[in-house]
Number of protein chains: 2
Amino acid sequence: MPTPRPQRPDPRANPIADDGSEVRFCSTCAFSGACVAAGYDKAHLRDLHVLVEHIGPFRAGEHIFRTHDPFRAIYAVRAGLVKTVTVDPEGNEQVLGFYLPGEVVGLNAIYPEHYPCDAVTLETAHFCRFSFPAISALAARMPGLQQQLFRLLSKELGMTSLLAGDHAAEERVAAFVTDLGERLAAQGFSGTRLRLSMSRVDIANYLRLAAETVSRIFTRLRDQGLIALEGRDLEILDPAGLGALARNVRER
Amino acid sequence: MPTPRPQRPDPRANPIADDGSEVRFCSTCAFSGACVAAGYDKAHLRDLHVLVEHIGPFRAGEHIFRTHDPFRAIYAVRAGLVKTVTVDPEGNEQVLGFYLPGEVVGLNAIYPEHYPCDAVTLETAHFCRFSFPAISALAARMPGLQQQLFRLLSKELGMTSLLAGDHAAEERVAAFVTDLGERLAAQGFSGTRLRLSMSRVDIANYLRLAAETVSRIFTRLRDQGLIALEGRDLEILDPAGLGALARNVRER
DNA sequence: ATTCCGTATTGATTTCGATCAGATCGATGC
DNA sequence: GCATCGATCTGATCGAAATCAATACGGAAT
């Protein structure tokens, strides 16, 4: 029996999300909502704009920061994909998260004042770098920005406690795919046709499963007609069905 | 062979941590460091003090807030013990965390704007209630307070990613005990003689293990001479040995 | 094309912790 | 004291996912 095949995702689906204008921000900027929506005047916007540093490109496999580096900045992904990983004393890696364009990396370093993980790009990536002392000082003058930082931190808290739950392997994988789709959709990409730029090993590690288990579950989901998958190109064929599997992981 | 028995913890070990003076805070207050240490003047301290509402006592089993309640406030534990739990659509409970005196409950509600979990007291408890709009407004004028809120959020992020890792049951339990001891010590209690006010079921649920497994591991740790345990009274006999087991969970 | 090598899939077996079942302990009330 | 009930502990069995092992795929270099 033939299994469904996905169409190739649009190669333009992952551009650098920056419209380049002087006092406006990347359309997907993690802070744009805090500023533009709150109706800040040009002076405030300029303050924020000035403290941003556009960095990149980083090629796949490069480090943005490493464990124990002193915490100085948070990084908003402009384009590309990043993972954060910890390495325990025995050398076991643990993927903490994947970050898409418009999302912010490094918030978990605030308390320890050192990055508690490595941030590694999985495909060519660009970032906005925000000095943390500068952005928190500005946040004191821009309540909307302060609020946005609180929200980003709290959101990330919610993310981790989803995966911290104990769930069957199939539920985890379904939740992972559903979540990725939703996050991509939130950033204006297709929520149903996407590219898994991370390896199966990384996915498995993130989900606290063996790579073989992830592989088996992907084929099972494909046989059930919920997804189409060829290599790293994924299409969600039945979002409702997949969401039903993910329900116990995500809905609370 | 006789197994070691703990001495009873000092019953005074868990007082209401409030010295009662007008413009000073509970000695264990989660925000005291942000204020007193930063040398704020009386006016600022009074602002913070005014927005605090002392609530309690709550008896064991009472709810501070419930899932889906609109988010209005964060709660600092003054005395007692709280757990936060989610309930999935099938009714499975999931303990997200335990909160000791001096710690803050409710931060994960900022982003969704509704509490994503129930907060339930496990023993008689008192709280300081901080209206979130009020405290974040004040934070904009008190950089030290803003910083403290960021740190609390970031700290909680670090906590959850510890338990999110995949670790052997014994490592989890060892890490749990070690962590509890350290957190109690940080609040001025004994770090080696403590009372597990939560049930074995709650501990197991928090660690994503079966209650039977937790029980077995406690006896194993006792047989190894690492802990003494009688009912809910625990003494850490060999902090280094226990820490070695916990090392892969905690050290990164 | 062909080789090479890292990545992914598929199959066989093992293992750790869950589940099922029963015993024991401890606090409370009669 | 004695009965009762919930919580905890201990033992026996089961099962989902890990591990071990081998094969297949796919892109890059020759």
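Just so it is clear: chains get the letters A, B, ... in the order the sequence lines come, proteins before strands, and each one is counted from 1. Basis for what follows: all heavy atoms, side chains included, without hydrogens, waters or symmetry-related copies.
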Asks: Nearest heavy-atom pair of Ala125(B) and Thr121(B): which atoms, and what distance?
Replies: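 Closest approach of Ala125(B) to Thr121(B), heavy atoms only: CB-CG2, 3.8 Å.
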Asks: Keeping Asp166(B) on the side-chain end and Arg208(A) on the backbone end, is there a donor-acceptor pair under 3.5 Å?
Replies: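 Looks like no, no N/O pair under 3.5 Å.
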Asks: How many Å lie between CD1 on Ile203(A) and P on dT7(C), as a whole number?
Replies: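 One finds 13 Å between P of dT7(C) and CD1 of Ile203(A), rounded.
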Asks: Between atom CG in Asp233(A) and atom C1' in dT7(C), what is the gap in whole Å?
Replies: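 Value for this atom pair: 15 Å.
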Asks: To the nearest 10 degrees, what angle separates the axes at the start and end of the helix from dA1(C)-dT30(D) to dC30(C)-dG1(D), five pairs each?
Replies: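 What I find for the helix from dA1(C)-dT30(D) to dC30(C)-dG1(D) is an axis angle of 30°.
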Asks: Are side-chain N/O atoms of Asp88(B) and Gln94(B) paired as donor and acceptor at under 3.5 Å?
Replies: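 Looking only at side-chain atoms, Gln94(B) and Asp88(B) do not form any donor-acceptor pair under 3.5 Å.
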Asks: Tell me, which of residues 163-173 of chain B have any heavy atom that sits under 4.0 Å from an atom in DNA chain D?
Replies: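 Listed by number, there are none.
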Asks: Would you say the side-chain atoms of Ser161(A) pair up with the backbone N or O of Ala164(A), donor to acceptor, closer than 3.5 Å?
Replies: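 Answer holds: no.
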Asks: Under 4.0 Å between a Lys/Arg side-chain N and an Asp/Glu carboxylate O for Glu182(A) and Arg250(A)?
Replies: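 Arg250(A) and Glu182(A): salt-bridged.
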Asks: Are the side chain of Asp69(A) and the backbone of Tyr115(A) linked by a donor-acceptor contact shorter than 3.5 Å?
Replies: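 Here the side-chain-to-backbone pair does not exist.
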Asks: I'd like to know if the side chain of Glu156(A) reaches the main chain of Leu153(A), judged simply by a donor and an acceptor atom lying under 3.5 Å from each other, with no hydrogens or angles considered.
Replies: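 Pair absent, no side-chain N/O of Glu156(A) close to backbone of Leu153(A).
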Asks: Quick one: Arg232(A) CZ to dC25(D) P, roughly how many Å, whole number?
Replies: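 Atom-to-atom, Arg232(A) to dC25(D), this comes out as 18 Å.
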Asks: If I take atom CZ in residue Arg200(B) and atom P in nucleotide dG6(D), what distance separates them, rounded to the nearest angstrom?
Replies: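 Checked: the CZ to P distance equals 18 Å.
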Asks: Quick one, which residues of residues 207-217 of chain A touch DNA chain C with a heavy atom under 4.0 Å?
Replies: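 Correct list: Glu212(A), Ser215(A), Arg216(A).
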Asks: Without swapping roles, check the side chain of Ser154(B) against the backbone of Leu107(A) for a donor-acceptor pair under 3.5 Å.
Replies: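 Yes; judged by distance alone, with no hydrogens or angles, the pair exists.
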Asks: Tell me whether the rings of Tyr75(A) and Phe127(A) are parallel (<30°), tilted (30 to 60°) or perpendicular (>60°).
Replies: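 Rings of Tyr75(A) and Phe127(A): perpendicular, as their planes differ by over 60°.
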Asks: Using whole Å, report how far CD of Glu230(B) lies from C1' of dC9(D).
Replies: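 Taking atom C1' of dC9(D) as the reference, CD of Glu230(B) is at 14 Å.
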Asks: Check the side chains of Asn205(B) and Glu93(B) for a donor-acceptor pair under 3.5 angstrom, ignoring hydrogens and angles.
Replies: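 No.
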